[in-house]
Amino acid sequence: MYKSLLSSLLLAGSLSLIACGSGSGGSSSNPPPVVPSSSQAAISSSSSAAVSSSSSSESATSGLRELVTFPVGVAVNAGNETLSLFKNTDNGNNQRAIVEQHFSQLTAGNIMKMSYLHPGENTFYYSHADALVEYAHEHNISIHGHALIWHSDYQVPGWMKSYPGDWSDMLKIHVQTIAGHFAGKVASWDVVNEAFLDDGNYRNLGDDGSIFYQKMGKAYIEEAFVNARAADGIADLYYNDYSLENDGRVKLDAVLAMVDDFQSRNIPIDGIGFQMHTYLDWPSISTIRTAFQQVVDRNLKVKITELDIPINNPYSGSYNFPDNYHPTLTPTLAAAQKRRYCEIVAAYMDVVPEPLRGGITVWGIWDSDSWLINQLFQNNHDDWPLLFDDFFQPKPAFFGVEDGLGYRPCS
Ligand code: XIL
């Protein structure tokens, strides 16, 4: 089991293997808003019925987005995805209600990735993404673009993999055409996603390698940023990766060295995206704080781009499915998750000064739609990593985020 989980993640190219153990900028110099304290309301049961009865001391705020001036985001399904938020179904209606009440930024979970937007060398496909942008703007919601360049095998368009010409020219056209199309419509971009391995080396060969590195060396990263800036002079440009907050620090150090080099040569970069696919027990808050601080020290924005916190951690030493995984979201576990969400948000609020807050985005709306169910747990069992249950009711985790954003103590 452990092996197959690992190999699937290597293929997915997306999660930390060390785990064992970004609005319109949104910055402002306003003081934090005064937040009313929580009052009474029941939380409906989810697929984990045990949570509902005992976690009822909170009520949903009028909207998470109202609590802060920086973007509070969520990743959504859109376009022709099965569970698109635009479906005229109860599911779609519930998604839109939550998005419109609580979030000020959306990231497309998939439909703004490379193969969706640039399926043929001379074909760019914008209809689905444009519809998402239009919907967002109608509701005063900004868009974080994800992602212009990503090695992930399923996301590099087929034509690109066998592109025979000059890769620097090809990358320029790809980045400038897409960034140009969305200029003025997106607040920010993940310009390059996941260019480094956990050991701090550039992702190069192998299943989890990067064809961009193979063809262009590390120059592809800066060329992506230069071209993104040339096509969109305003959007915030992020380098985005997972496990930057890890305890070993090697990966973060490598990214920071790249950033220092960029800054010394005036290569445009506005911030670092921390995916933050974290766990209840990893990494420590002090490690997370240190990582944020290092980015702040460089006067770059910090954006939490893909936050989720599953209950089960398949990398923890004691994990041995099915013997000792948590099959139910008990009140105790839900409370631990609430506290953890709060502590991460509180660390962000404490360490990152307002002008450098690129925002906090959660990777999905309701628990069973989380990518982790499929990619981390291989559909072997449930987990409950997100803020809303399968009945679209806020979980204790939601109130943890609310407390963190509102500068209330984490409980
Ligand atoms: C995930 C999506 O959520 C899934 O629907 C898809 O099958 C795979 O990609 N890091 C990233 C995101 O940068 O693009 C990934 O999104 C999750 C990990």
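All heavy atoms count here, side chains included; hydrogens, waters and symmetry mates do not. As the structure lists them, so they are numbered: ligands from 1, and atoms in each ligand from 1.
The heavy atom nearest to atom 14 (O) of ligand 1, out of those in E81, H146, H277, is found in H146. Comparing K113, E306, Q375 against atom 1 (C) of ligand 1, the shortest heavy-atom distance belongs to K113.
With a heavy-atom cut-off of 4.0 Å, D190 does not touch ligand 1 at all. Only side-chain heavy atoms of N110 come within less than 4.0 Å of ligand 1; its backbone N, CA, C and O stay farther off.
Any N or O atom pair closer than 3.5 Å counts here, and W363 shares at least one such pair with ligand 1.
Between K161 and D153 a salt bridge is recorded (basic side-chain N to carboxylate O distance below 4.0 Å).
Not less than 6.0 angstrom separates the ring centroid of Y220 from the ring centroid of Y202.
The closest approach between Y242 and ligand 1 stays at or above 4.0 Å for every heavy atom of the residue.
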Legend entry - Pair D270-R229, salt bridge (Lys or Arg N to Asp or Glu O under 4.0 Å): steps then yes or no: CA-CA 10 Å; D270 298 298; R229 179 53 80 231; 2.7 Å; yes

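A cation-pi geometry, defined here as NZ or CZ lying under 6.0 Å from the six-membered ring centre and within 45° of its normal, holds between K251 and Y242.
Those atoms of ligand 1 with a heavy atom of Y154 less than 4.0 angstrom away are 6 (C), 8 (C), 9 (O). Set against the non-hydrogen atoms of W150, the atoms of ligand 1 under 4.0 Å away are 14 (O).
To the nearest 0.5 angstrom, I221 atom CD1 is 6.0 Å from F262 atom CZ.
Of the residues D367, L376, L372, I373, the one that meets the side-chain contact (heavy atoms from CB on, under 4.5 Å) test with D383 is I373.
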